[in-house]
Chemist: 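Submitted below is the structure of interest, expressed as structure tokens.
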Amino acid sequence: MSERASVPKEEETEPETEQEPVTTGAQSVIRALENAGTDYVFGVQGGAIMPVYDALYDSDINHVTMAHEQGASHAADAYGVVTGDPGVCFATSGPGATNLVTGIADANMDSDPVIALTGQVPTEFVGNDAFQETDTVGITQPITKESYFAADSDTVGDNVSEAFALADAGRQGPTLVDLPKDVTQGDTEVEPGSPETPETYDVPEEADDENVQEAADALAEAERPVILSGGGVIKADASSALREFAKEYEIPVITTMPGIGSFPEDHELSLEWAGMHGTGYANMAISNTDCMLAIGTRFDDRLTGGVDSFAPDAEVIHVDIDPAEISKNVYADYPLIGDAREVLRQLFDAMPRSPDADEWRDQCQTWKDEYPMDYDTPDDEPLKPQYVVEKFSEMTPDDTIVCTGVGQHQMWASQFWEYTEPRTWVSSHGLGTMGYGVPAAIGAKLAAPDQEVVCFDGDGSFLMTVQGLSVAVREQLDITYVVLNNEAVGMVRQWQDGFYEGRRMASEYPWIPQFDKLAEAFGARGFTLESYDNVEETIQEAREYDGPSVIDAHIDPGENVFPMVPSGGDNGQFALNEDHLDMI
Amino acid sequence: MPGPAPDERMRPKGRRNTQGIRVDPEAEVTHEPRQAVLSALVKHRPGVLSEVSALFSRRQFNIESLTVGPTVDDDTARMTILIEEPEPGIDQAKKQLRKLVPVVSVRELEGEAVRRELALVKVSGEKPDDVNAVADMYNGQAVDASTDSVTVEITGSKQKIDAAIEAFKQFDVQEIVRTGAAALERGPKTLEKDV
């Protein structure tokens, strides 16, 4: 996978005991990445980043050339989600850097660890509107934990080391280092220091014991307790601590969408995920709980609906490593600032007893029976997307990684796939980036080559980054792409039908290409699915093909995503069908 | 799908306000805005001011004034930020500021903190004696004079400066510049020592 095609690679020799000293800023950049344990870099070459690429030539770090910089940042993001370690992406100055921006913003919203290294024009030209110059630090400052402008060849390695440490520390997130060409070309003998976060960046580990005790007492007193498990649980590697805690104290668990996989959906305590398109039972439990232990969630509006109606009876215990998340959207009666895994252990020990909640658990079970995740499958109807997702889920191992684009297909993939393991759900949540799926699957597959990777995409979303297929083909990545094709940006069309009197302005895509043929043109395998007859057989064939394959699944264009809580609505008032939308 | 329709489902009794705080379901509760003086020590390096001001604009905090200047430590600058927000907004502003990497510490100064603003007012030079008389009333002084203009320096609270400017209007005000507030806690407490 390394790209040094024109020069034969040197024979594998004894592991080097001592590294060659660095002689340029660029070498110092690469050394900093090596010191931090980087295996892969996703990027695109260009004028201002060339010195860094030149230094990469002599490194063992694998470089994956992407077809577009947006794909580089998404692939790095997915790599970070699956491994837990920062994913790295490179781009040149100007358009290269701005193309990374969507992926950086995406990583920022989902707290995914990403390091972006961007080329910049030489410092003497900075500010002169030179060729391919943009103010990359200025553009990215609001969407990173920190953006660095590397001003000196002697310190550029330290900038990268610090950016690496910072991306991974505390609440994970993206960082960026902008690298002027003269700085990377410049001479230096200074080796980068070990990755350390800046002195002003404090990361709390354990919550205050007294606060933990008060929170545990409140939870034990509750009659209708729930745990709300967010993406932070997965990022803190706290899924097993959560499982132990919930099972020991028999508290029903709801996840947020980024929290999918933090608790097994096949467990009797699981209510799966809540929010706009979450399960009816999760949303009923959210609405009626009297005590919520919320861990590693930022109470996004897609989860809460209108905050005035969000868990209105509940005392909220909020565990988060970022103090700024406490009481930002939903007031926390018991704020516990610390690492989710540590705080869960503290809570486990502090709980005086299990809450007396037999009746509540029965109620939750009643809701599960009343509002099952279901869909109609009459034989004469066009293929239902839910069926494709469900079948695929049944046929694959538990640790299969599911990536998605953004839209209706994303919701079906999260609703009808059964997730049991953390880091198997890779999606764009906060930013909702259409086009995330194709490159994310590439990053995920390289991060976990032994795990099966499937990407559910929509026709609209797939088209946005379809050029990434060329990368999957070149790297021979065994990924199955499933395009749930309804010839529309389906979520927009659903909203137009529900809230804009069916005026389908610019949401229908009857001109899209034949994706199976497009796949073949790229050198991947292409399949078409049009009916129920050959769903399993096609999925199996695509899975067995050793390389990227694309299943163009022509689904019922009339199918919509339910349940649904309208934007800003009340979680307990979800609609199960179009008729309900008129009622609420 | 089965299951009760939206209006037939189990309903909670409680309610939160728009700031996510549980409130009496019968009462209308909102937090009224108040003015807060935030003082922040930041690393003295390029881009910090833009990072801080971008934070305030992006999160739509209602900023009244922001001043910045060096401290006794060459590596550190001190910002005084006046915001007018409801209580949860003030709390959020402090936390978001603390999150920024170049920010060393943040504190809200108490109500009786020493607060000063500086204004320079350039007025017509036709009646220099009268201008001086008004300046005296506000403990100001002329810092520049020519045949056509007098520039007066006023230091004090925002209200005092507002009043002074009002008074100078009789002399045909040509230009005004104001600094925004700089503030320090009264007593021995400092940001460096007690954070």
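Computed over heavy atoms, backbone and side chain alike; hydrogens, waters and symmetry mates excluded. Lettering of chains follows the sequences in order, A, B, ..., and the numbering in each one begins at 1.
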Chemist: Given B:P12, which partner from the list A:I286, A:T289, A:D313 fulfils the side chain to side chain contact (heavy atoms under 4.5 Å, CB included) test?
Modeler: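 Of the listed residues A:I286, A:T289, A:D313, the side chain to side chain contact (heavy atoms under 4.5 Å, CB included) partner of B:P12 is A:D313.
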
Chemist: Can you say whether B:P46 sits under 4.5 Å from chain A via the side chain, the backbone, both, or neither, judging by heavy atoms?
Modeler: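 Looking at B:P46, nothing touches chain A.
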
Chemist: Measure B:E51 against the heavy atoms of chain A and call it side chain, backbone, both or neither at under 4.5 Å.
Modeler: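 Both the backbone and the side chain of B:E51 come within 4.5 Å of chain A.
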
Chemist: Answer with side chain, backbone, both or neither: which region of A:P198 has an atom nearer than 4.5 Å to a non-hydrogen atom of chain B?
Modeler: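 The side chain, not the backbone.
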
Chemist: Is atom CD of B:E175 surrounded by more than 12 heavy atoms (other residues, nucleotides or ligands) closer than 6.0 Å?
Modeler: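 No - once you tally the heavy atoms of other residues, nucleotides and ligands closer than 6.0 Å, there are 12 at most.
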
Chemist: Are any of the side-chain heavy atoms of A:K328 and B:K95 separated by less than 4.5 Å?
Modeler: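 No - every pair of side-chain heavy atoms lies 4.5 Å or more apart.
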
Chemist: Would you name the heavy atoms of B:P6 and A:F574 that are closest together and state the gap between them?
Modeler: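 Nearest heavy atoms, B:P6 then A:F574: CG-O, 3.8 Å.
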
Chemist: With no hydrogens and no angle check, is any side-chain donor or acceptor of B:R16 less than 3.5 Å from a backbone partner on A:A311?
Modeler: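 A pair under 3.5 Å: yes.
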
Chemist: Using a cut-off of under 4.5 Å for heavy-atom pairs, which of B:K13, B:R22, B:R15, B:K99 has the most such pairs with chain A?
Modeler: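 Ranked by heavy-atom pairs under 4.5 Å with chain A, first place is B:R22.
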
Chemist: Is there a side-chain contact between A:E146 and B:P102 in this structure, where contact means two heavy atoms from C-beta onward sitting under 4.5 Å apart?
Modeler: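 A:E146 reaches B:P102 side chain to side chain.
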
Chemist: Give a yes or no on this: more than 12 heavy atoms of other residues, nucleotides or ligands lie within 6.0 Å of atom CD of B:E112.
Modeler: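 Yes, enclosed.
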
Chemist: Is there a side-chain contact between B:S50 and A:Q141 in this structure, where contact means two heavy atoms from C-beta onward sitting under 4.5 Å apart?
Modeler: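 Yes, at least one pair of side-chain atoms sits under 4.5 Å.
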
Chemist: B:V103 versus chain A, heavy atoms under 4.5 Å apart: side chain, backbone, both or neither?
Modeler: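 Answer is backbone: N, CA, C or O of B:V103 sit under 4.5 Å from chain A.
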
Chemist: More than 12 foreign heavy atoms under 6.0 Å from NZ of B:K127: is that the case here?
Modeler: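 Check fails, neighbour count at 12 or below.
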
Chemist: So which residue, A:T366, A:D579, A:D333, A:D376, ends up with the most heavy-atom pairs under 4.5 Å with chain B?
Modeler: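 Heavy-atom pair counts peak at A:D333.
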
Chemist: Could you tell me which residues satisfy salt bridge (Lys or Arg N to Asp or Glu O under 4.0 Å) with B:E26, sequence neighbours excluded, listed by chain and number?
Modeler: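 B:E26: no salt bridge (Lys or Arg N to Asp or Glu O under 4.0 Å) contacts found.
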
Chemist: What residue in A:T304, A:L166, A:I326, A:V137 has the most heavy-atom pairs under 4.5 Å with chain B?
Modeler: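 So the answer, after comparing A:T304, A:L166, A:I326, A:V137, is A:I326.
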
Chemist: Between A:V307 and B:G20, which heavy-atom pair has the shortest distance, and what is it?
Modeler: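 Result for this residue pair: CG2-N, 4.2 Å.
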
Chemist: Is it true that, when you exclude B:Q35 itself, more than 12 heavy atoms of the residues, nucleotides or ligands shown sit nearer than 6.0 Å to its CD?
Modeler: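 Correct, the count exceeds 12.
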
Chemist: Are A:E199 and B:K43 side-chain neighbours, meaning at least one heavy-atom pair lies under 4.5 Å?
Modeler: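 Yes; the side chains approach each other to less than 4.5 Å.
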
Chemist: Is B:A54 in contact with chain A via its backbone, its side chain, both, or neither, using a 4.5 Å heavy-atom distance?
Modeler: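 The answer is neither part of B:A54.
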
Chemist: Indicate yes or no for a side-chain donor-acceptor contact from A:Q573 to the backbone of B:D7 under 3.5 Å, with no hydrogens or angles considered.
Modeler: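 Checked: no pair found.
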
Chemist: Quick one: does any side-chain atom of B:R9 pair with a main-chain N or O of A:G572 as donor and acceptor, under 3.5 Å?
Modeler: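 Side chain of B:R9 to backbone of A:G572: a pair is present.
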
Chemist: Quick one: which of A:D570, A:I584, A:D369, A:T197 has the most heavy-atom pairs under 4.5 Å with chain B, could you say?
Modeler: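 Greatest number of close heavy-atom pairs with chain B: A:D570.
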
Chemist: Looking at B:E84, I want to see if its CD is surrounded by more than 12 non-hydrogen atoms of other residues, nucleotides or ligands under 6.0 Å.
Modeler: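 Check passes, neighbour count above 12.
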
Chemist: For B:R58, is it the side chain, the backbone, both, or neither that has a heavy atom closer than 4.5 Å to a heavy atom of chain A?
Modeler: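 The side chain, not the backbone.
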
Chemist: Would you indicate whether the side-chain heavy atoms of B:V101 and A:T200 approach each other to under 4.5 Å?
Modeler: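 Yes; the side chains approach each other to less than 4.5 Å.
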
Chemist: To the nearest 0.5 Å, how far apart are CG in A:N329 and CD in B:Q92?
Modeler: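 So the CG of A:N329 and the CD of B:Q92 are separated by 8.0 Å.
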
Chemist: Heavy-atom distances under 4.5 Å only: say whether A:A314 touches chain B with side chain, backbone, both or neither.
Modeler: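 It is both, since atoms from each part get that close.
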
